[in-house]
Amino acid sequence: PRPNKMEKSPADGMNGVVVPLDTPEGQKSLLKLEGSRYGLHARSMLRAFAKQCHHNFCGVASNVNCVTSLCETEPLKRKYSGDLPPPFQQKQVFHSERVRQALDEEAVKKDGMTLDELQRLSTSLGLEAHIYRPVTDRALPDNSKLLGCIDDFRELVKATFLDETQRVIVNFFVPVLKQPFPYGHISPLGGYIEEDDTLLLLDTWPETPVGWVKVTDLYNAMCTIDSICDRIRGCVTVAVL
């Protein structure tokens, strides 16, 4: 995760909480997800999942987890256009010439990455990647699509979870989820339970659990400013096409 200024989070005080996957309640939700229409990616993403190997590699880990999951089936593996044959490890990402042209490894290790840099990493790994940012009074960057409200975010993740060729990665401010780290962070999602309005957050940080989070809480955590680039956070959809 990357440091942030606490006052940049307008959602401070929200009643967010993550229900760990390895609790009875978390396992009950997993069974519910697997029986739902938005659980298409769940088992694949859980098989592919690994925590980040470096304290600023949340974006790297998120991309590697998604590529591994996407390329689990032979048809998508054949379509994958990256220059690293999957599956590959986080420590191998900067072996890619395309990645080295897009991002500086030492800079990522020092500072982590912004949402724009996350998109560049995804693209350089051979994925189609699109940035979505919540509505804000700030000018929307040219490379971003607009989430006009929380319902737009719900519809985006629902559409993604119905498509075997896509995955979604979120960029959020950790304290909004009532976790004790004053950082921005990046992690992929594994599924959506419509009746509970919860998402499976595959948190890559070693000290925080994989678990379930309310859509409202995660959206509020995305509606915060990354003080490194002074832009609102959001999410990136990645796909093998």
Side-chain angles (χ1 to χ4, degrees), residues 33-34 37-54 56-105 107-109 112-133 143-145 153 155-171 185-192 199-205 210 234-241:
L33 175 66
E34 290 175 334
R37 61 193 301 231
Y38 302 117
L40 179 65
H41 306 166
R43 280 297 176 188
S44 173
M45 285 296 291
L46 286 168
R47 282 191 297 269
F49 181 72
K51 294 283 190 175
Q52 62 201 73
C53 67
H54 183 278
N56 275 330
F57 263 25
C58 54
V60 173
S62 296
N63 267 286
V64 172
N65 290 335
C66 288
V67 170
T68 303
S69 172
L70 284 163
C71 295
E72 193 175 71
T73 62
E74 198 58 38
L76 287 182
K77 188 173 183 178
R78 286 197 297 269
K79 288 183 178 181
Y80 177 65
S81 61
D83 62 354
L84 292 174
F88 50 85
Q89 303 298 314
Q90 296 170 42
K91 293 179 180 179
Q92 297 174 288
V93 165
F94 285 94
H95 294 178
S96 163
E97 178 63 28
R98 295 182 195 173
V99 172
R100 290 198 303 271
Q101 290 175 0
L103 291 168
D104 179 73
E105 182 177 6
V108 172
K109 286 181 174 178
M113 61 180 64
T114 64
L115 198 59
D116 299 272
E117 290 165 337
L118 176 68
Q119 181 195 38
R120 291 215 307 272
L121 176 60
S122 302
T123 302
S124 66
L125 284 172
L127 301 171
E128 180 171 297
H130 298 285
I131 294 177
Y132 293 82
R133 298 181 197 267
N143 67 335
S144 302
K145 298 183 180 183
F153 178 56
E155 293 306 310
L156 175 67
V157 295
K158 285 161 68 173
T160 301
F161 292 136
L162 289 173
D163 187 344
E164 66 176 8
T165 70
Q166 294 193 58
R167 301 292 186 268
V168 60
I169 302 170
V170 291
N171 178 207
H185 189 37
I186 294 168
S187 289
L189 299 177
Y192 173 64
L199 291 158
L200 179 57
L201 177 63
L202 301 173
D203 195 328
T204 64
W205 185 242
V210 169
C235 63
V236 171
T237 58
V238 296
V240 172
L241 298 177

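Residues take their numbers from the sequence shown, with the count starting at 1.
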K79 atom NZ, neighbour heavy-atom count above 12 within 6.0 Å: no

One pair to check against side chain to side chain contact (heavy atoms under 4.5 Å, CB included): F94 and V108. What are the steps and the verdict? CA-CA 11 Å; F94 285 94; V108 172; 4.1 Å; yes

When the aromatic ring centroids of Y38 and F161 are compared, is their separation below 6.0 Å? no

Residues in side-chain contact (heavy atoms from CB on, under 4.5 Å) contact with A50, at least two apart in sequence or another chain: N65, Q90

Taking S81 for the side chain and G126 for the main chain, is one N or O donor matched with an acceptor at less than 3.5 Å? yes

Side chain to side chain contact (heavy atoms under 4.5 Å, CB included) with I186: which of N63, N171, L121? N171

Distance-only polar pair, side chains of H130 and E128, donor-acceptor under 3.5 Å: yes

Over 12 foreign heavy atoms within 6.0 Å of NZ, K91: no

For V64 against F88, the heavy-atom pair lying closest together: CG1-O, 3.3 Å

State whether E74 and K77 are salt-bridged, where the test is any N-O pair (Lys NZ or Arg NE/NH1/NH2 against Asp/Glu carboxylate O) under 4.0 Å. no

Give a yes or no on whether R43 atom CZ has more than 12 heavy-atom contacts from other residues, nucleotides or ligands under 6.0 Å away. no

Looking at Q92, I want to see if its CD is surrounded by more than 12 non-hydrogen atoms of other residues, nucleotides or ligands under 6.0 Å. yes

Kindly give the heavy-atom pair with the smallest separation between Q166 and L70, and that separation in Å. N-CD2, 3.9 Å

Once side-chain hydrogen bond (donor to acceptor under 3.5 Å, both in side chains) is applied, do any residues pair with Q101, and if so which ones, sequence neighbours excluded? E97

